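In this text the structure is predicted, and so the values were computed from the model without any measurement.
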Amino acid sequence: MQTRGRILDAAERIFAERGFDAATIRDIAAEAGVQAGLVHHHGGGKEALFHLTVARRAKELSQLRMAALEARRAAGAMTVRDVVACFLEPYVRMARDGGPQWLAYARLVAHVSADPRWRELAAECFDPTAGRFIDEIAALRPGAPRPAVATGFVYSVAAMLAHVTSGWRVGALAGGDTDGDADEASPGDLVAFCAAGIEAALRPH
């Protein structure tokens with residue numbers, strides 16, 4: 001299991017850095033310090049390995065999000081901002097405090113989100129939880145069309161991924177010298193931005 005974990009960690013870093021097409025099994029093997037045959041043994045071919053790498057953190061992340069949602073629901077009536085916070089904050093915390101692999105995972109998810117060929121992978125790993133949160137927002141705004149809710153939600157996911165991976169870009173444009181990613185992340189501003197964006201998307205135009 002240690003070898004398999006090391007291979008998946010290496011795959012996560014390589015796929016995050018280079019994307020699916022530019023990554024090779026040989027590169028992943030070298031990163032993990034194993035023979036290429038071991039990568040095939042533990043992960044299968046490149047597409048199967050990519051699937052395993054994306055899927056392995058999805059369940060933990062879903063559990064963190066659902067736990068946050070249930071805890072907030074138990075505390076009383078929720079707002080759209082509360083629902084958004086329950087979805088975004090668990091990942092921001094993991095990207096900030098969970099080690100570099102969680103930051104690499106954000107970049108990996110960004111690859112999946114941007115490429116329609118991973119539609120089935122996204123549907124398996126992310127859509128059930130995303131659907132629950134979209135349902136919660138829709139219930140708070142019963143007159144809003146579901147496509148508008150989904151649009152605002154997807155934009156919020158994109159903002160979350162940028163938030164944890166693009167601190168260096170924010171620093172450059174702000175005239176600062178930060179080169180960090182999640183080190184500079186503060187979830188409060190992100191939640192406020194995304195909640196306001198969703199509310200705007202739901203207003204009649």
CZ-CG distance between Arg4 and Leu52, expressed to the nearest 0.5 angstrom | 5.5 Å
Starting at SG of Cys86, measure out to CG of Leu64 and round the result to the nearest 0.5 Å.
-> 11.5 Å
Candidate pair Leu69 and Met66, rule side-chain contact (heavy atoms from CB on, under 4.5 Å), full reasoning = CA-CA 5 Å; Leu69 185 64; Met66 294 308 301; 4.1 Å; yes
Taking all atoms of both residues into account, what is the closest heavy-atom pair of Gly188 and Arg81, and its distance?
-> O-NH2, 3.8 Å
Test Val34 against Ile28 for side-chain contact (heavy atoms from CB on, under 4.5 Å), laying out the working first.
-> CA-CA 9 Å; Val34 301; Ile28 292 167; over 6 Å; no
Distance-only, no hydrogens or angles: does the Tyr91 side chain make a donor-acceptor pair with backbone N or O of Trp102 under 3.5 Å?
-> yes
CA sep, side-chain torsions, deciding dist, call: Glu12, Arg57, side-chain contact (heavy atoms from CB on, under 4.5 Å) | CA-CA 10 Å; Glu12 194 167 57; Arg57 295 191 196 278; 2.8 Å; yes
Report whether Leu88 and Phe193 are members of the same hydrophobic cluster (ILVMFWY, side-chain heavy atoms less than 4.5 Å apart, transitive linking).
-> no
Sequence-distant partners of Glu89, side chain to side chain donor-acceptor pair (under 3.5 Å), two or more places apart | none
What are the two closest non-hydrogen atoms of Thr53 and Leu8, and how far apart are they?
-> OG1-CD2, 3.8 Å
So which heavy atom on Cys194 is nearest to which on Ala159, and how close?
-> SG-CB, 3.8 Å
For side-chain contact (heavy atoms from CB on, under 4.5 Å), just list the numbers for Val54 and Val109, CA-CA rounded to whole Å, side-chain angles, deciding distance to a tenth of an Å, and then say yes or no.
-> CA-CA 7 Å; Val54 172; Val109 172; 5.5 Å; no
Geometric class of the Phe15/Phe20 ring pair [parallel <30°, tilted 30-60°, perpendicular >60°] | parallel
Heavy-atom check, side chain of Leu140 versus side chain of Thr79, under 4.5 Å = no
Would you call Pro116 and Arg119 a side-chain contact if the rule is heavy atoms closer than 4.5 Å?
-> yes
What is the minimum heavy-atom distance between Ala85 and Pro90, and which atoms define it?
-> O-CD, 3.7 Å
Just wondering, more than 12 heavy atoms not from Arg18 lying within 6.0 Å of its CZ?
-> yes
Please tell me if the side chains of Pro187 and Arg96 come closer than 4.5 Å, counting only heavy atoms from C-beta onward.
-> yes
Which residues satisfy the side chain to side chain donor-acceptor pair (under 3.5 Å) test with Thr151, sequence neighbours excluded?
-> none
From Val191, Val170, Leu190, residue fulfilling side-chain contact (heavy atoms from CB on, under 4.5 Å) relative to His163 | Leu190
Are any side-chain N or O atoms of Ser156 and backbone N or O atoms of Gly152, one a donor and one an acceptor, separated by less than 3.5 Å?
-> yes
Check the surroundings of atom CZ in Arg132: do more than 12 heavy atoms from other residues, nucleotides or ligands lie under 6.0 Å from it?
-> no
Drop me the distance from Ile25's CD1 to Leu49's CG, to the nearest 0.5 angstrom.
-> 5.0 Å
Looking only at heavy atoms, what is the nearest atom pair of Ile7 and His42, with distance?
-> CD1-CD2, 3.7 Å
Worked check of salt bridge (charged side-chain N to carboxylate O under 4.0 Å, His left out) between Asp9 and Arg56 | CA-CA 10 Å; Asp9 282 349; Arg56 72 165 177 159; 2.4 Å; yes
Which residue pairs pass the salt bridge (Lys or Arg N to Asp or Glu O under 4.0 Å) test when at least one of the two sits in residues 137-165, sequence neighbours left out?
-> Asp135-Arg146, Arg141-Glu199
Give, for atom OG1 of Thr129 and atom CZ of Arg65, the distance between the pair rounded to the nearest 0.5 Å.
-> 7.5 Å
Output for pair (Arg107 CZ, Glu17 CD), nearest 0.5 Å, gives 9.0 Å
Of all heavy-atom pairs between Ile14 and Ala23, which one has the smallest distance, and what is that distance?
-> CG2-CB, 3.6 Å
Tyr155-Phe133 co-clustered via ILVMFWY side chain contacts under 4.5 Å | no
Around atom CD of Glu70, are there more than 12 heavy atoms of other residues, nucleotides or ligands at under 6.0 Å?
-> yes
Could you give the distance from CD1 (Ile198) to CD1 (Ile134), rounded to the nearest 0.5 Å?
-> 9.0 Å
